[in-house]
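Structure in structure tokens, see below.
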Amino acid sequence: MIKFRPFLWLSVVAIPAFAVLLMLGTWQLQRLQWKTDLINSFEARSLAAAIAPPSVDALTDDYEFRRLALTGIFAHDKELYMTGKTYEGNAGFHVVSPMTLIDGRIIMINRGWVSEDYRDPTKRAFSLVSGEVTVDAILRMPGKKGYFVPENEPDNGFWFTMNPAQMITHLDLADNGITAFYADSLRTSDVVTLPIAAKTELNLRNAHLSYAMTWYGIALGLLAVYLAFHHQAGRLTFLNASAKQDDGEA
């Protein structure tokens, strides 16, 4: 038999808090399903047959991560460098170069990672391919600046967020430049060369399950403290059958 006489003031605070924590955990589970479906959709796009760069009028959100077959000529003298990028724990930069496509449009391509030692293009002449080339890539939408990420400083050579419109303007390529999207070059073989391009696998973060477990864990902790407090105060007691019978005889 359980005898429970809850404190009114404590219950008024704890019960709504417990309900909110359960709702937050459930919301994270819903987000988990949404994120899982989104990742599956992105992976399907990246593995589909390559397409030509779409026109701005045809561009929709469904194009993000679509495989692209890009043929054109790099302008290596207009390289830009994304600051603060790492590869296997090593600090460095992402090399971003404009490519003039065969249709005359210019697209910014993130060619991949180089270390500080190889930021200077003269030290990696082998990467400055000349003439018309074909690049395997995926389409990416412009990056969104994080709250704690500094603003780009084009005149000082500092780029923190991938903003193709800003890059095109800075390089004075606005007449033919594509500003609505850019491309990430892909590494399609086991041979690693500079710049080190992205792998074909998409490593998109999906931590909603751990978030859900955290909220549920806090809810269970709150419930345990709530019950323990009442038990210590003598307002929550557990009587077995024999104790109940003895009370009746007395």
Side-chain angles (χ1 to χ4, degrees), residues 37-83 85 87 93-114 121 124 126-145 152 154 159-189 191-204:
D37 292 341
L38 187 65
I39 290 174
N40 291 338
S41 175
F42 284 168
E43 288 180 343
R45 295 179 207 173
S46 67
L47 295 175
I51 62 172
S55 65
V56 175
D57 294 337
L59 186 67
T60 65
D61 289 341
D62 291 338
Y63 275 93
E64 175 120 41
F65 293 106
R66 284 293 300 269
R67 200 71 167 257
L68 295 175
L70 305 174
T71 301
I73 299 174
F74 278 117
H76 296 297
D77 60 325
K78 297 182 182 298
E79 280 186 353
L80 301 176
Y81 308 98
M82 298 291 296
T83 303
K85 301 302 179 180
Y87 175 75
F93 305 85
H94 280 180
V95 177
V96 181
S97 301
M99 170 186 270
T100 301
L101 303 172
I102 55 176
D103 64 6
R105 292 183 296 167
I106 300 173
I107 185 172
M108 300 303 300
I109 301 180
N110 181 352
R111 300 186 62 202
W113 181 89
V114 295
R124 48 177 170 83
F126 54 85
S127 72
L128 308 180
V129 290
S130 61
E132 189 172 279
V133 295
T134 297
V135 175
D136 195 10
I138 55 174
L139 186 150
R140 299 297 308 274
M141 296 300 185
K144 297 180 180 179
K145 189 185 83 68
N152 290 334
W159 298 91
F160 303 97
T161 303
M162 192 69 190
N163 187 326
Q166 193 176 17
M167 291 176 170
I168 288 290
T169 300
H170 174 70
L171 295 174
D172 197 23
L173 301 173
D175 289 344
N176 297 310
I178 297 174
T179 60
F181 59 90
Y182 68 97
D184 275 343
S185 180
L186 291 178
R187 173 158 49 100
T188 56
S189 72
V191 178
V192 178
T193 59
L194 294 177
I196 301 176
K199 294 182 179 179
T200 53
E201 296 85 1
L202 298 176
N203 296 316
L204 300 179

Only distances under 3.5 Å count here; give the side-chain donor-acceptor pairs of residues 94-110 to other protein atoms, sequence neighbours excluded, each with its distance to 0.1 Å.
from: H94; atom 1: ND1; to: N110; atom 2: ND2; distance (Å): 3.2
from: D103; atom 1: OD1; to: R105; atom 2: N; distance (Å): 3.0
from: D103; atom 1: OD2; to: R105; atom 2: NE; distance (Å): 3.0
from: D103; atom 1: OD2; to: R105; atom 2: NH2; distance (Å): 3.1
from: R105; atom 1: NH1; to: P54; atom 2: O; distance (Å): 2.9
from: R105; atom 1: NH2; to: P53; atom 2: O; distance (Å): 2.8
from: N110; atom 1: OD1; to: G112; atom 2: N; distance (Å): 3.1
from: N110; atom 1: ND2; to: D184; atom 2: OD1; distance (Å): 3.4

Atom pair CZ (R67) and CG (D136), whose distance is rounded to the nearest 0.5 Å: 4.0 Å
Any R66 side-chain heavy atom under 4.5 Å of F181 side chain: no
Set of residues satisfying salt bridge (Lys or Arg N to Asp or Glu O under 4.0 Å) with respect to D62, sequence neighbours excluded: R45
Minimum-distance pair of heavy atoms, taken over all atoms of I168 and G177: CD1-CA, 3.8 Å
Residue D172 excluded, over 12 heavy atoms near CG under 6.0 Å: no
Heavy-atom side-chain proximity of L128 to P121 below 4.5 angstrom: yes
Distance, nearest 0.5 Å, that separates CG of L59 from CG of D61: 7.5 Å
Set of side-chain contact (heavy atoms from CB on, under 4.5 Å) partners for N163, sequence neighbours left out: N152, A165, Q166
Spatial distance of atom CZ (F93) from atom CE (M82) [nearest 0.5 Å]: 11.5 Å
L194 versus W113, closest heavy-atom pair with distance: CD2-O, 3.7 Å
Heavy-atom closest contact (I51 atom, Y63 atom, distance): CD1-CE2, 3.6 Å
Minimum heavy-atom distance L68-A183, with the two atoms named: CD1-CB, 4.2 Å
Aromatic F74 / basic R111 pairing, under 6.0 angstrom, 45° off normal: yes
Smallest separation among heavy atoms of L186 and K199, with atom names: CD2-O, 3.7 Å
H76 side chain reached by V129 side chain, heavy atoms, under 4.5 Å: yes
Distance-minimising heavy-atom pair for S185 and A197: O-CB, 3.4 Å
